[in-house]
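The structure appears below as structure tokens.
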Amino acid sequence: MVAFVISRLLQALPVLLVVALISFALFTFVGDPVAAMLSQDASLADRENLIRLLGLDQPWYVQFWKFVGNAVQGEFGLSYRLSRPVSALIAERAPATLELAFCAAAMTLCIGVPLGIFTGIYKDSWVSRLLLTVSLVGVSLPIFVLGMLLILVFAVHLGWLPSFGRGETVQLGWWSSGLLTVSGLKALILPAITLAVFQLTLITRLVRAEMLEVLRTDYIKFARARGLSNRSINFGHALKNTLVPVITIAGLQLGGIIAFAIVTETVFQWPGMGFLFIQSVGAADIPVMAAYLLLISLVFVVINLGVDLLYYLVDPRLRAQR
Amino acid sequence: MLLEVKDLRVEFPTRRGVLTALNGVSFSIAPGEVLGVVGESGAGKSMTGAAIIGLLEPPGRIAGGEIRLEGRRIDNLPLAEMRKIRGKRIGAIFQDPLTTLNPLYTVGRQLVETMQAHLPLSDAEARQRAIGWLEQVGIPAAAQRIDAYPHQFSGGMRQRVVIALALCAEPQLVVADEPTTALDVSIQAQIIALLKRLAREQRTAIMLVTHDMGVIAETADRVAVMYAGRIIEIGPVRDVVRHAQHPYTAGLMASIPPLDRKVERLAQIDGSMPRLNAIPPGCPFSPRCPHVFERCRVARPELMPAGATDAACWLHDQPGASA
């Protein structure tokens with residue numbers, strides 16, 4: 001078990017290094033940081049000075065090595081745009097994105113999985129057909145359209161919920177939480193729904209397809225022939241056998257929700273990492289972009305590790321092979 | 001009689017009309033009796049078994065006739081009632097032991113949940129019995145193996161577990177659908193012997209569905225031969241094997257290679273079984289039958305006494321005639 005975790009972490013290292021290389025390449029190929037940092041009337045000597053200060057006169061592999069060394073310590077330099085440490089900026093924004101992502105993911109799983117089971121078991125009922133038709137809309141509606149529609153209805157016309165921002169937050173150490181205030185929770189509802197709808201419809205359809213597949217198998221037929229109750233067959237035998245593919249996709253989705261909250265955060269002016277990223281792209285703020293890239297790849301690596309560990313718990317056949 | 005099937009008819013509605021998969025199937029099984037059911041693929045033998053345990057694959061449905069267990073009709077029971085019969089009164093064994101067990105649960109858990117679904121047993125009692133059953137079906141070191149998962153057993157061992165699962169709630173009848181087809185020949189005999197021994201000990205009747213005449217000849221008391229959704233001959237196994245009365249059964253028996261002498265060519269029945277949507281009028285076997293005559297092409301024969309068995313063949317409607 002411990003060996004398995006360690007081997008997985010070692011396998012993740014090359015992935016992270018490649019991403020680091022790409023992030024690092026941004027500095028070289030996207031814009032000239034020296035020109036961006038110097039004022040218009042700086043002398044050539046100032047320029048040389050700054051280049052030496054930033055270490056840009058070193059060969060690229062030395063620079064890369066330094067970049068990695070700093071990144072490991074959470075050090076990504078100064079934001080060109082805001083002239084503040086990137087790590088501080090990200091630490092400030094991360095809680096907003098993570099709270100939004102986990103609320104959306106919770107919504108996805110708590111609604112999507114039961115809907116999938118239902119539509120799988122009662123595949124011919126009109127309720128299932130209706131749900132599936134509606135889910136097609138969910139899959140095909142672009143996130144920003146949905147976000148704006150929700151704002152239009154619930155914020156503009158009905159005035160029930162705020163249309164932007166995060167509401168009041170409470171500071172818990174370095175973590176700023178919007179989950180503990182009424183205005184924070186109200187502000188969370190619309191973006192979370194916007195972010196969840198696509199994933200929710202996807203997971204519903206996936207669980208349904210897997211349920212249909214599993215319910216056709218011999219072991220389910222045999223479970224029926226043994227006289228087990230429908231509840232134990234559907235929720236025990238069948239559901240558990242759908243879990244491996246569902247965990248895989250749900251894990252990828254969680255990563256996707258965190259990484260691609262960009263659109264939702266932009267629509268709702270949500271002060272998270274995605275919004276920060278978009279602003280940084282606009283200003284060619286490369287240190288922030290590079291840090292974001294690395295952080296997101298780290299998130300995926302961690303989630304994949306979690307997914308692998310869950311497989312291990314669910315499927316005894318995998319345990320035997322290790 | 002333990003089980004009586006009368007005039008059973010199973011239909012499959014399809015886009016191009018209704019297919020009749022079973023037509024007028026009637027037979028009975030006495031307590032403790034082993035009835036073999038043979039026939040080619042698609043003859044309807046597995047479907048007969050599925051209809052009895054109420055697990056026809058939709059859209060298949062029982063369109064006529066009745067199935068009685070100890071006199072009580074079970075073909076039209078509500079699902080909750082039927083659930084109490086499955087496992088408890090009628091057990092089932094499927095063909096492929098590699099796919100019949102849930103891969104994510106230990107064999108012990110599957111045994112325990114089956115027994116607890118039907119018998120008032122505490123967890124500890126059920127586990128104790130589960131170990132007992134694994135010992136009975138010949139799993140070595142049952143007390144340790146009870147917590148193993150299906151993939152940790154070989155195919156033959158898994159079929160032993162399946163047999164334990166089918167018998168653990170002590171049913172009066174077991175429907176065994178090709179229980180040895182997926183197994184090595186060397187293991188087939190062991191499994192059949194085990195099934196036969198346990199059935200005798202428990203006084204459990206068996207409906208043994210197979211296409212293997214050898215298995216039937218060794219195991220069954222009586223045998224029913226199916227062809228194109230009908231029973232075309234039924235009788236004591238010795239008579240059906242030695243003195244088949246229906247030309248199809250006779251052809252089937254002749255196609256089994258003899259062990260005691262060399263044959264140049266194996267006997268075979270020309271042609272193939274008709275598809276369900278193209279069953280000829282009259283006797284369904286008439287296009288392939290070497291003894292066919294005019295009446296066979298127009299009128300359908302029902303089972304009639306023929307020698308020591310019953311056969312659905314017009315040859316036996318004429319006084320003094322035999323196949």
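We name chains A, B, ... by the order of the sequence lines, and we start the count at 1 in each one.
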Note to self: Could you report the tightest heavy-atom contact between B:E113 and A:S232, atom names first, then the distance?
What the structure shows: OE1-OG, 4.3 Å

Check: Heavy-atom distance under 4.5 Å to chain A: side chain of B:V175, backbone, both or neither?
Finding: neither

Checklist line | Sidechain-backbone polar pair: A:H237 side chain, B:L104 backbone, donor-acceptor under 3.5 Å | finding: no

Notebook entry, point to check: Would you call A:R216 and B:E57 a salt bridge, taking side-chain N to carboxylate O under 4.0 Å as the test?
Noted result: no

Next item on the list: Can you establish whether the number of heavy atoms outside A:E213 located under 6.0 Å from its atom CD is more than 12?
Entry: no

Margin query: Pair A:K221, B:F94 - check side-chain contact (heavy atoms from CB on, under 4.5 Å), show working.
Written below: CA-CA 9 Å; A:K221 212 176 150 192; B:F94 289 177; 3.8 Å; yes

Next item on the list: Enter the distance from A:N241:CG to B:Y105:OH here, rounded to the nearest 0.5 Å.
Entry: 8.0 Å

Note to self: Using the rule given for side-chain contact (heavy atoms from CB on, under 4.5 Å), can you reason through A:R226 versus B:H118, listing the C-alpha separation, both sets of side-chain angles and the distance that settles it, and then say yes or no?
What the structure shows: CA-CA 9 Å; A:R226 287 189 276 146; B:H118 301 293; 5.5 Å; no

Check: Going by residue number, which parts of residues 67-88 of chain B are within reach of chain A, meaning a heavy-atom gap below 4.5 Å?
Finding: B:L79, B:R83, B:R86, B:G87

Margin query: Testing the basics here: between A:F222 and B:T100, what is the closest heavy-atom pair and its distance to 0.1 Å?
Written below: CD2-O, 3.3 Å

Margin query: Heavy-atom cut-off 4.5 Å, strictly under: side chain, backbone, both or neither for A:T217 against chain B?
Written below: neither

Check: What is the distance from atom CD1 of A:I233 to atom CG of B:N102, rounded to the nearest 0.5 Å?
Finding: 10.5 Å

Checklist line | Heavy-atom pair with the smallest gap, counting every atom of A:L228 and B:A117 | finding: CD2-CB, 4.1 Å

Notebook entry, point to check: Which atoms form the tightest heavy-atom contact between B:A92 and A:A225, and what is the distance?
Noted result: CB-CB, 3.7 Å

